[in-house]
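All remarks here apply to the structure that follows.
Lettering of chains follows the sequences in order, A, B, ..., and the numbering in each one begins at 1.
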Number of protein chains: 2
Amino acid sequence: MLEAIQALAGPTRFSILRMIRWEEMSAGDIAGQFKNMTRPAVSQHLGVLRKAGLITERRAGTSRMYSLRPEGFAQLKILLEDFWDPRLMKLKAAAEKEENKRRRKK
Amino acid sequence: MLEAIQALAGPTRFSILRMIRWEEMSAGDIAGQFKNMTRPAVSQHLGVLRKAGLITERRAGTSRMYSLRPEGFAQLKILLEDFWDPRLMKLKAAAEKEENKRRRKK
DNA sequence: CTTTTATTTTAGTTGACACTTACGTAAGTA
DNA sequence: TACTTACGTAAGTGTCAACTAAAATAAAAG
């Protein structure tokens with residue numbers, strides 16, 4: 001889980017994620033967007049993002065297409081919500097306790 | 001904004017945030033939870049978290065009390081939702097389709 | 001004013017990570 | 001087959017962030 005946050009924390013990787021936010025892109029096209037950075041460097045970042053579960057890879061001929069993996073971000077969102085507002089969390093916990101009580105009555 | 005993500009990415013800082021998740025703690029108490037780490041090190045991490053807007057500092061006598069700052073996490077949550085929410089993605093795609101139609105009419 | 005307590009700040013060291021260059025690989029093409 | 005395209009992987013290097021130790025600061029107590 002921390003792996004995903006660390007992947008997100010790199011400025012280059014963050015830019016990559018913004019690029020493929022709406023539609024998949026090839027590794028070459030992604031690297032082409034960067035000035036002053038070699039293609040292997042971008043490839044390594046793509047590897048980090050993939051290992052972190054934030055993107056998926058699809059092979060198309062000699063190209064590799066990368067796209068966002070919503071599941072990865074969903075998990076991060078859940079994680080952040082736990083920090084979001086502790087008071088709300090307490091209320092939610094209480095509500096769920098109530099819910100369970102009701103279920104057990106059946 | 002990236003600053004907050006980078007702050008969150010450090011394992012030590014992540015632990016600190018979990019500690020003060022429910023209630024404020026003094027710098028000393030926080031540092032006391034860590035084995036194999038000096039107090040200055042923890043203090044530096046607290047500084048990073050504060051600069052990133054994730055925690056707030058309150059002075060009480062010679063102690064400094066730290067607590068979570070929900071606003072900081074709220075912004076992060078919004079950021080992630082932009083990557084995650086499929087409904088937003090669909091809306092954007094539809095908007096671009098419209099945009100293309102308009103262009104072709106010229 | 002001096003001492004104590006709690007903590008930050010400064011200075012300096014070291015390990016991890018982001019690069020580059022060079023090489024390897026897999027799929028398409030002549 | 002040999003060549004080209006589009007990549008990833010390996011090895012080496014420099015930079016930066018996390019740490020420690022020592023000094024500075026700030027508030028309370030004596």
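Contacts between residues 27-36 of chain B and DNA chain C, counted as heavy-atom distances below 4.0 Å, involve B:Ala27, B:Gly28. Residues of residues 51-63 of chain B that place a heavy atom closer than 4.0 Å to DNA chain C, in numerical order, are B:Thr62, B:Ser63.
B:Ala7 and B:Val48 get closest at one heavy-atom pair: CB-CG1, 4.0 Å.
Rounded to whole angstrom, the span from the CE atom of A:Met65 across to the C1' atom of D:dG8 amounts to 17 Å. Rounded to a whole Å, the CE atom of A:Met37 is 12 Å from the C1' atom of C:dT20. Taking atom CG of residue A:Leu49 and atom P of nucleotide D:dG8, one finds them 12 Å apart after rounding to whole Å. Atoms CZ (B:Phe14) and P (D:dA18) sit 16 Å apart, rounded to a whole Å. B:Ile16 has its CD1 atom 13 Å from the P atom of C:dT7, to the nearest Å. The distance from atom CG of B:Leu2 to atom P of C:dA18 is 13 Å, rounded to the nearest whole Å.
Taking the six-membered ring for Trp and thresholds of 30 and 60 degrees, B:Phe83 and A:Phe14 have ring planes more than 60 degrees apart, a perpendicular arrangement.
We find the CG-CD distance between B:Leu54 and B:Glu71 to be 11.0 Å, quoted to the nearest 0.5 Å. Rounding to the nearest 0.5 angstrom, the gap separating the CG atom in B:Leu8 from the CD atom in B:Glu3 is 12.5 Å. With rounding to the nearest 0.5 angstrom, the CD1 atom of B:Ile55 is 12.0 Å from the CE atom of B:Met25. Here B:Leu68 contributes atom CG and B:Ile16 contributes atom CD1; the two are 11.5 Å apart, rounded to the nearest 0.5 Å.
At the phosphate of C:dC19, OP1 or OP2 sits under 4.0 Å from a side-chain N or O atom of A:Thr12. Here B:Ser43 does not reach the OP1 or OP2 of C:dA6: none of its side-chain N or O atoms lies under 4.0 Å away. Dashed line: the shortest gap from a side-chain N or O of B:Arg39 to OP1 or OP2 of D:dA21 is not under 4.0 Å. The side chain of A:Ser26 contributes no N or O atom lying less than 4.0 Å from OP1 or OP2 of D:dA6. At the phosphate of C:dT8, OP1 or OP2 sits under 4.0 Å from a side-chain N or O atom of B:Tyr66. In terms of phosphate contacts, B:His45 brings no side-chain nitrogen or oxygen within less than 4.0 Å of OP1 or OP2 of D:dA17.
Below the 3.5 angstrom threshold, one finds no donor paired with an acceptor across the side chain of B:Gln44 and the base of C:dT7.
A:Arg13 contributes a side-chain N or O that, together with a main-chain N or O of A:Gln6, makes up a donor-acceptor pair within less than 3.5 Å. Checking side-chain atoms of A:Ser63 against main-chain N and O of A:Arg59 turns up no donor-acceptor pair under 3.5 Å. Of the possible donor and acceptor atoms, one in the side chain of A:Arg69 sits under 3.5 Å from a partner among the backbone N and O of A:Gly53.
Looking at which nucleotide of DNA chain C each of A:Ala41 and A:Arg64 is closest to, the 5′-most match is held by A:Ala41.
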- Evaluate the criterion side chain to side chain contact (heavy atoms under 4.5 Å, CB included) for residue pair B:Met37 and B:Thr12; output intermediate values, then yes/no. CA-CA 10 Å; B:Met37 177 138 37; B:Thr12 302; 3.7 Å; yes
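Within 4.0 Å of B:Arg50, counting heavy atoms only, lies no atom of the nucleic acid at all.
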